[in-house]
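Notes to accompany the following structure.
Below, chain A is the first sequence line, B the second, and so on; all start at residue 1.
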There are 2 protein chains.
Amino acid sequence: MATIYEVAALAGVSPATVSRVFNGNTVSPEKQRAVREAAAKLAFTPNKTARRLRKQSSEVVALLIPDIENPFFTALARGVEDKAQESGFSVVLCNTDDDPGKELRYLQIAASEQMAGVILAPASDEADLGAIASLGSPVVAVDRTTPYPVDAVKVDNRAAGIAATTALFDAGHRRIACIAGPVGIESTEDRFLGWRQVMTARRAAIPEGYLQHANFRADGGHAAMRHLLALPEPPEAVLTTNNLMGVGALQAVVEAGVDPARFGLAVVGELPFMFLTPPAVVQVRLPARHLGTTAATMLLERIGGDAQPPRTVVLRAELA
Amino acid sequence: MATIYEVAALAGVSPATVSRVFNGNTVSPEKQRAVREAAAKLAFTPNKTARRLRKQSSEVVALLIPDIENPFFTALARGVEDKAQESGFSVVLCNTDDDPGKELRYLQIAASEQMAGVILAPASDEADLGAIASLGSPVVAVDRTTPYPVDAVKVDNRAAGIAATTALFDAGHRRIACIAGPVGIESTEDRFLGWRQVMTARRAAIPEGYLQHANFRADGGHAAMRHLLALPEPPEAVLTTNNLMGVGALQAVVEAGVDPARFGLAVVGELPFMFLTPPAVVQVRLPARHLGTTAATMLLERIGGDAQPPRTVVLRAELA
DNA sequence: GAAGTCCAAGAAATCGATTTCGTCAAGGTC
DNA sequence: GACCTTGACGAAATCGATTTCTTGGACTTC
């Protein structure tokens, strides 16, 4: 790979002039032409590492998501990527496995790699943004917020929980349980608070054990559903606060010999490939890509110098 | 963020000594202790960009995949990531959208960012590895091969196509069509060659139009299936050469009012969430994660100095 | 003619970590 | 005692691109 010194020698100018041709304007047309020709002949590509070190910045942003195999997050990543690319930025996708230790490591890497900013679906309320914040790099929290004063984009999760639970009520169900994600995750809590709000408003009983916490994955939803079905007074319907747990719950229902068409299931998020889903399943569609593009837009504004106070944008989910 | 100069000043040594403490061995125990204490007090993290520029290498590898929303590739990515992390490497995941232009751009970025190597699911036979090859950085092709002399890991795709088609035959189907991916993709071609091989060996007719090419996605499979169903002599079964096209094909079958339980479908790859799948669907399970871990292992060996001639490892798919 | 201003462009410094080179001291061998 | 080897460690160079500083020439104004 050719260096700027080789281009300069071939063009008969100094390296500073080569740099000026590509980054600034005070070069005569004659020397500009010589430089561009030399660069083309040598297929010159600036060494991005050297640029990054000198400029203390780069055209790379990090996206930290908790589970690369969850279609919600891959759709969100697509949204981020599409928007970032429009502005000449690359996205480094980091999979935290919902593990705060992994998350911290990626945040440190983002800082020591001079990344232009970070979009973060936090693994917990304890995301440590110290390293990245001390550099003044912008951060946007997506889907879940963080105590740090940073921009955020999220879904109105309580409204999603309300809409899903209301739909189960409207379908005639009264004994409605809830399978939520791990304790301490904001989007989880808001969704089951929506469930509880509807149950309370409708004066429906919430028997002991009707709120189960699981691990966000199909196997967690499966285990929780089995637990619910083993209760003295099993539910006739269930809300799961994410899509993969909904799959696991439905699986447990089928395995227990319960007719899926008569069991009520509401899922926050989309079950993949809807036509294969029993007709009675309520799905609350999350705007995953829109979350991604919105987060990227906000981050790009910060990178571009936007200095207004941190804000939170709330997007609506909708019944599918 | 503290620099090595600040650590050196606090420890009362030169920056070269600080570097030696963390990278070499010729430092007295007394000075080692002073350096480590100073580094801890200042929360020193080496500036990775500076390291990378000086060393002309990094602990980052790139993984280029053609579709981040295809579960096959996200599982492959998980395999790569798990293996790379074991050895202290980070993975940069790049989504090429099966677009050779995007692929080329990412390859150039990998070169100008001094990445340690690239694992590449090529977007076409024309992947241009010139930039990365001129740096001597190792490349491993995964799932599909490339004309460049590099290591490769793939599935025995012809055997997968043979197994899938044979299973349809054994289920009693004789009019078996094939929906393949875009022309020119090696894995696609091997799979439909497997289909054709079985059809020929079993002396089954292949009417005009029984081989459809589609775009790898559910919508492509959907359109191709509709085309097949509109033939004068529609097939009673179909092989799709990837999972998403299988979903689209099944959707078209349902929409056409054909009973999915009586229509034969074989899919190379796993349909998501099997229990929702009509029981007659044949699935040939691809070892996606194993592809990933194998590719990463080979790349790490190359990074570590392995200089033997390029090799290709072929993994087997299996009937689910 | 002298002084001031502006522009183009080369030389040198900068970014932060690593490596190379040179020096000194200690120990061993002849 | 002289010479050689080894280890520790500081000073300087290196990586490649960008930015800052300085200089010279051209032009304008007084």
Q) So, are B:D97 and A:R78 salt-bridged, with charged N and O less than 4.0 Å apart? A) yes
**Prompt:** Could B:E113 and A:R52 be called an ion pair, given the rule that one side-chain N must be under 4.0 Å from one carboxylate O?
**Reply:** yes
Its contact letters, B for base, S for sugar-phosphate only and - for none at protein heavy atoms under 4.0 Å, make nucleotides 21-28 of chain C read --------
When the distance from [atom1] of [X] to [atom2] of [N] is rounded to whole Å, what number comes out?
X: B:F22; N: C:dG16; atom1: CZ; atom2: P; result: 17 Å
X: A:N47; N: D:dT14; atom1: CG; atom2: C1'; result: 13 Å
X: A:K55; N: C:dG16; atom1: NZ; atom2: P; result: 16 Å
X: B:R52; N: D:dA17; atom1: CZ; atom2: C1'; result: 15 Å
X: A:E6; N: D:dA17; atom1: CD; atom2: P; result: 9 Å
X: B:Q114; N: C:dT18; atom1: CD; atom2: C1'; result: 14 Å
X: B:Y5; N: C:dA17; atom1: OH; atom2: P; result: 7 Å
X: A:Q56; N: C:dC15; atom1: CD; atom2: P; result: 8 Å

Working to the nearest 0.5 Å, report the span between [atom1] of [X] and [atom2] of [Y].
X: A:E69; Y: A:R217; atom1: CD; atom2: CZ; value: 6.5 Å
X: A:C94; Y: B:E81; atom1: SG; atom2: CD; value: 8.5 Å
X: A:L291; Y: A:F73; atom1: CG; atom2: CZ; value: 9.0 Å
X: B:L299; Y: B:T294; atom1: CG; atom2: OG1; value: 12.5 Å
X: B:N242; Y: B:T188; atom1: CG; atom2: OG1; value: 7.5 Å
X: B:I65; Y: B:L76; atom1: CD1; atom2: CG; value: 7.5 Å

- Can a donor-acceptor pair under 3.5 Å be found between the side-chain atoms of B:R54 and the base atoms of D:dT14? yes
Taking for B:S14 and for B:A50 the nucleotide of DNA chain D with the nearest heavy atom, the one nearer the 5' end belongs to B:S14
Is the phosphate of [N], meaning OP1 or OP2, less than 4.0 Å from a side-chain N or O of [X]?
X: B:T49; N: C:dG16; result: no
X: A:T17; N: C:dG10; result: yes
X: B:S28; N: D:dC9; result: yes

Is it the case that over 12 heavy atoms from other parts of the model lie below 6.0 angstrom from the CD atom of B:Q308?
yes
ask   = Between B:P66 and B:T96, is any pair of side-chain heavy atoms under 4.5 Å apart?
value = yes
Quiz prompt | Check: B:V314 and B:K154 side chains under 4.5 Å, non-hydrogen atoms | solution = yes
Considering only heavy side-chain atoms of B:L53, the closest of D:dT18, D:dA17, C:dG16 is C:dG16
Closest non-hydrogen contact found for A:F44 with A:I4 is CE1-N, 3.6 Å
Note to self: Using a heavy-atom cut-off of 4.0 Å across all strands, would you classify B:V27 as base, sugar-phosphate, or nothing?
What the structure shows: sugar-phosphate
So, with a heavy-atom separation below 4.0 Å from DNA chain C, the residues of residues 30-44 of chain B are B:F44
Close N/O contacts between protein and nucleotides 4-7 of chain D (under 3.5 Å):
none

